[in-house]
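Because only heavy atoms are used, hydrogens play no part in the values below, and waters and symmetry mates are left out as well, while side chains stay in. Bear in mind that the values here come from a model prediction, so they are computed numbers and not experimental data.
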Amino acid sequence: MASRRTILNYKFKCPACNGTCERDIPLAEYDKQKDKQTCICGGKLVRVIEWTGIATCDGSGWCGKSTGSTI
């Protein structure tokens, strides 16, 4: 039986040219590969953190505190 590799899609931005791209990186290799991503212009890519889930938080506090929303 072949082993299954979990491959996730990550968004990156290039500070040099302001371009963005997406990369598919196996989860098991992410820590080794995340800082080795380069843009087509030659610049070093920086990971863009995005949240697409349903949880929200607003107000002056952290989620779960009396001044913030709970998840």
Query raised in the report: Can you list every side chain to side chain donor-acceptor pair (under 3.5 Å) pair that touches residues 31-44, not counting sequence neighbours?
Result: Arg23-Gln37
Report task. First locate atom SG of Cys21, then atom CD1 of Ile40, and finally report the distance between them rounded to the nearest 0.5 Å. Result -> 8.5 Å
**Report entry** Test side chain to side chain contact (heavy atoms under 4.5 Å, CB included) applied to Pro15 - qualifying residues, sequence neighbours left out
**Finding:** Val46
Query - By salt bridge (charged side-chain N to carboxylate O under 4.0 Å, His left out) - contacts of Glu50 (at least two apart) - result: Lys11
Query raised in the report: Given Arg47 and Lys13, is the side chain to side chain contact (heavy atoms under 4.5 Å, CB included) satisfied, shown in steps?
Result: CA-CA 6 Å; Arg47 170 94 189 274; Lys13 184 172 184 164; over 6 Å; no
Report summary line: Members sharing Ile25's hydrophobic cluster, built from side-chain contacts under 4.5 Å between Ile, Leu, Val, Met, Phe, Trp and Tyr, are Leu8, Tyr10, Phe12, Leu27, Tyr30, Leu45
Report task. For Ala16, enumerate each residue passing the side chain to side chain contact (heavy atoms under 4.5 Å, CB included) test, keeping only those at least two apart in sequence or located in another chain. Result -> Cys14, Cys41
Report task. Name all residues meeting the side chain to side chain contact (heavy atoms under 4.5 Å, CB included) criterion together with Asp24; count only those two or more places apart in sequence or in a different chain, and write none if there are none. Result -> Ile7, Asn9
